Amino acid sequence: MKIEEKTLLEALSLSPRECISVIGGGGKTSFASYLSRKLTSMGKSVVFTSTTKIFPPHTGEKEILVFTTESLWLNKIDHALKESKLVFLGAEILSSGKLKGLSEKLCKDVLMKTNTDYLIIEADGSRGKSIKAHSDCEPVVPDFTRLFVSLIGMDCIMKRIDENNCHRQDLLCSILKVNRGDLIDMDLIVSLFKHKRGYLKTLPRKARSIVFLNKVHTMEDYQTAIKLGERLLSLKRIDSVILGHLKPPGETFTLLRK
Ligand SMILES: Nc1nc2c(ncn2[C@@H]2O[C@H](COP(=O)(O)OP(=O)(O)O)[C@@H](O)[C@H]2O)c(=O)[nH]1
Ligand SMILES: [Mg+2]
């Protein structure tokens with residue numbers, strides 16, 4: 001295993017005009033916002049959207065909100081990208097204040113028919129929890145995704161499975177055959193990645209697959225994350241693991257490669 005310190009952009013090695021889908025818990029919106037900021041500061045344009053319902057993120061950038069229910073919304077994206085490098089795209093605002101996300105078909109239209117450099121998709125919901133189980137209809141990850149990022153918040157490790165740290169805890173228990181109150185240890189996380197109903201179930205065949213272990217703040221977190229990262233890297237469908245913290249935003253991250 002190779003261990004290197006990198007900026008996020010170095011660690012992700014993006015190609016031009018890629019679709020990046022982000023799943024899991026404990027930092028998807030923070031990850032997407034951070035990546036958007038880094039890309040736009042390099043002069044790249046970004047459309048940030050979701051295939052589920054999310055709260056409009058506060059990226060810290062001057063983003064422009066566009067809705068697919070507006071007429072000529074694809075043209076509006078190109079127009080908006082001239083003013084601001086970042087467009088936040090939703091279908092409509094719901095009464096809950098959340099934004100309704102897009103279908104996979106409309107996500108594809110964004111990539112094919114606008115000038116955006118990158119499309120970043122938050123592809124599931126996790127109610128702010130650091131780990132989750134996916135229902136049968138999620139995450140919604142378009143098959144043209146080229147970078148698939150699975151997030152785990154490392155604050156859940158060695159905590160007990162309960163409603164504070166796990167979204168859809170009963171589903172997680174039934175999938176992994178464990179019980180509420182059991183420890184979220186490394187074995188459990190590794191099995192969640194290996195299981196056919198687990199985190200990688202919708203990983204597109206052509207996508208690179210990265211796990212981001214977030215909320216790594218202390219030396220102890222770091223050592224635990226390195227051990228977990230090494231075990232995850234041994235799985236065939238995981239190409240690399242990144243450790244670090246997005247809040248406050250880190251400048252560099254630890255990249256683990258095979
Ligand atoms: N301590 C800590 N909290 C974080 C970090 N990144 C995100 N959070 C917090 O974790 C929660 C979930 O983050 P969010 O980005 O909304 O995750 P999402 O639910 O997966 O989209 C929020 O309360 C964030 O403020 C981090 O690196 N460290
Ligand atoms: Mg979110």
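Numbering of ligands and ligand atoms starts at 1, following listing order. These figures come from a predicted structure and were not determined experimentally.
Enclosure of atom NZ in K76 by more than 12 non-hydrogen atoms of other residues, nucleotides or ligands within 6.0 angstrom is indicated.
A donor-acceptor distance shorter than 3.5 angstrom exists from the side chain of D162 to the backbone of N165, with no hydrogens or angles considered. Under a 3.5 Å cut-off, the side chain of D117 and the backbone N or O of V46 do not form any donor-acceptor pair. Under a 3.5 Å cut-off, the side chain of S209 and the backbone N or O of R237 do form a donor-acceptor pair. The main-chain N or O of I23 is never found under 3.5 Å from a side-chain atom of Y199 such that the two would form a donor-acceptor pair.
Inspection of the K38 and T7 side chains reveals no N or O donor paired with an N or O acceptor under 3.5 Å. Residues E5 and T254 have side chains that bring a donor and an acceptor to within less than 3.5 angstrom of each other.
Protein residues with a heavy atom closer than 4.0 Å to ligand 1 are G25, G26, G27, K28, T29, S30, E122, S126, G128, N214, K215, H217, H245, L246, K247, listed by chain and number.
At a threshold of 4.5 Å between side-chain heavy atoms, the hydrophobic network of Ile, Leu, Val, Met, Phe, Trp and Tyr places L246 and L256 in two separate groups.
The number of protein N, O or S atoms lying under 2.8 Å from the Mg ion (ligand 2) is 2.
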Subject >> Stepwise ring pair (Phe, Tyr, Trp, His ring centres under 6.0 Å) test for Y34 and F253 >> reply: CA-CA 13 Å; Y34 182 100; F253 298 85; 5.5 Å; yes
